[in-house]
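Residues take their numbers from the sequence shown, with the count starting at 1. Both ligands and their constituent atoms are indexed starting at 1 by order of listing. Scope of the values below: all heavy atoms of this structure, side chains included, with no hydrogens, waters or symmetry mates.
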Amino acid sequence: MCHEHRSLRKEKLSDFLYYISSLNPSFSKMATIGVLALQGGFAEHLGLLKRAADHLSAGAQQPAIHLTEVRTPEQLAACDALILPGGESTTLSLVAAQSGLLEPLRNFVKVSKKPVWGTCAGLILLCEEASATKRGGQELIGGLDVKVHRNHFGRQLQSFVHDIDLPFLKQGGSTEKQTPFPAVFIRAPVVDKMLEQQRRQTDTPRPAIEILARYPSTGEGDNIVALRQGNVFGTSFHPELTDDVRIHVWWLDQVIKATREN
Ligand SMILES: NC(=O)CC[C@H](N)C(=O)O
């Protein structure tokens, strides 16, 4: 395995490639986790995923994980799960279309139903509808039956960091002490409308939408900043720009379990 590790690293110098070899002979399936690397904060996500993998590998079960950048439909097809980073959703969508990735991404999310996580611009792309887009604006991938409001908190200058409570981190494999999460909001969107009710009347049943965090945290306003619907998870803030690995650990733990079951 060591030799294989070295030769793969040599072969893919441009890619970030990381293995944790399994010491558990009963678990041989490797989970390939991709990060869409067309624009935005993909390198930061890969860094946190690597730390999350290290964290999980220190536990009782040794996961076998391969992290890779995704720029082509072929690279996407090799993935068991995917992160869509923050950046600029119009640019991301345009480059994805030019790279022939839009339809493969829609299939990945909605047909294969593989685990995906979108942060900020990535979350926008995973919503079925977006407001504050220019006419003929970006094409979305969809998957979350919600409407998202882009740039909800204002422009770049209005970016901020705020500690928020994320009770969902208590689930899954995370054993970290539950302290508030330093959420970085940069031209961040919020989810402001559920579309599930309308869709349920016409479509096949869809998984329920779980609201995982709001900011501000009080009231029932249009301020959803973390949510999950089936295989699709989204945060409007940027965990990859912090030193806090808890959300990556939480998500990766679920991905490993889902990969094992399939
Ligand atoms: N930090 C971000 O990802 C910003 C997203 C940006 N507001 C957009 O619409 O794409």
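- Closest heavy-atom approach to atom 5 (C) of ligand 1 among the candidates Gly87, Ser93, Gly118: Gly87.
- Protein heavy atom in closest approach to atom 10 (O) of ligand 1: Ser89 N, 2.5 Å.
- For the pair Ala121 and ligand 1, the shortest N or O to N or O distance falls below 3.5 Å.
- Any N or O atom pair closer than 3.5 Å counts here, and His238 shares at least one such pair with ligand 1.
- Without hydrogens or angle criteria, Arg246 side chain to Thr179 main chain gives a donor-acceptor distance under 3.5 Å.
- Of the protein's non-hydrogen atoms, the one nearest atom 7 (N) of ligand 1 is Asn151 OD1, 2.5 Å.
- Under a 3.5 Å cut-off, the side chain of Thr119 and the backbone N or O of Glu240 do not form any donor-acceptor pair.
- For the pair Arg71 and Phe42, the cation-pi test (distance below 6.0 Å, angle within 45°) is passed.
- Distance from atom 9 (O) of ligand 1 to its nearest protein heavy atom, with residue and atom name: Arg150 NE, 2.6 Å.
- In terms of protein heavy-atom proximity, atom 2 (C) of ligand 1 is closest to Cys120 SG, 2.8 Å.
- You'll find the side chain of Gln158 stays beyond 4.5 Å of the side chain of Phe153, heavy atoms only.
- Taking a cut-off of under 4.0 Å to the non-hydrogen atoms of Gly86, the atoms of ligand 1 that pass are 3 (O).
- Contacts between Ile124 and ligand 1, counted as non-hydrogen atom pairs separated by less than 4.0 Å, involve the side chain only.
- A salt bridge between Asp243 and Arg51 is present, with a side-chain N of the basic residue lying under 4.0 Å from a carboxylate O of the acidic one.
- Proximity of Arg187 to ligand 1, defined as any heavy-atom pair under 4.0 Å, is shared by backbone and side chain alike.
- Counting only heavy atoms from C-beta outward, the side chains of Lys114 and Val109 never approach each other to under 4.5 Å.
- A salt bridge is defined here as a Lys NZ or Arg NE, NH1 or NH2 lying under 4.0 Å from an Asp or Glu carboxylate O, and Glu88 with Arg187 meets this definition.
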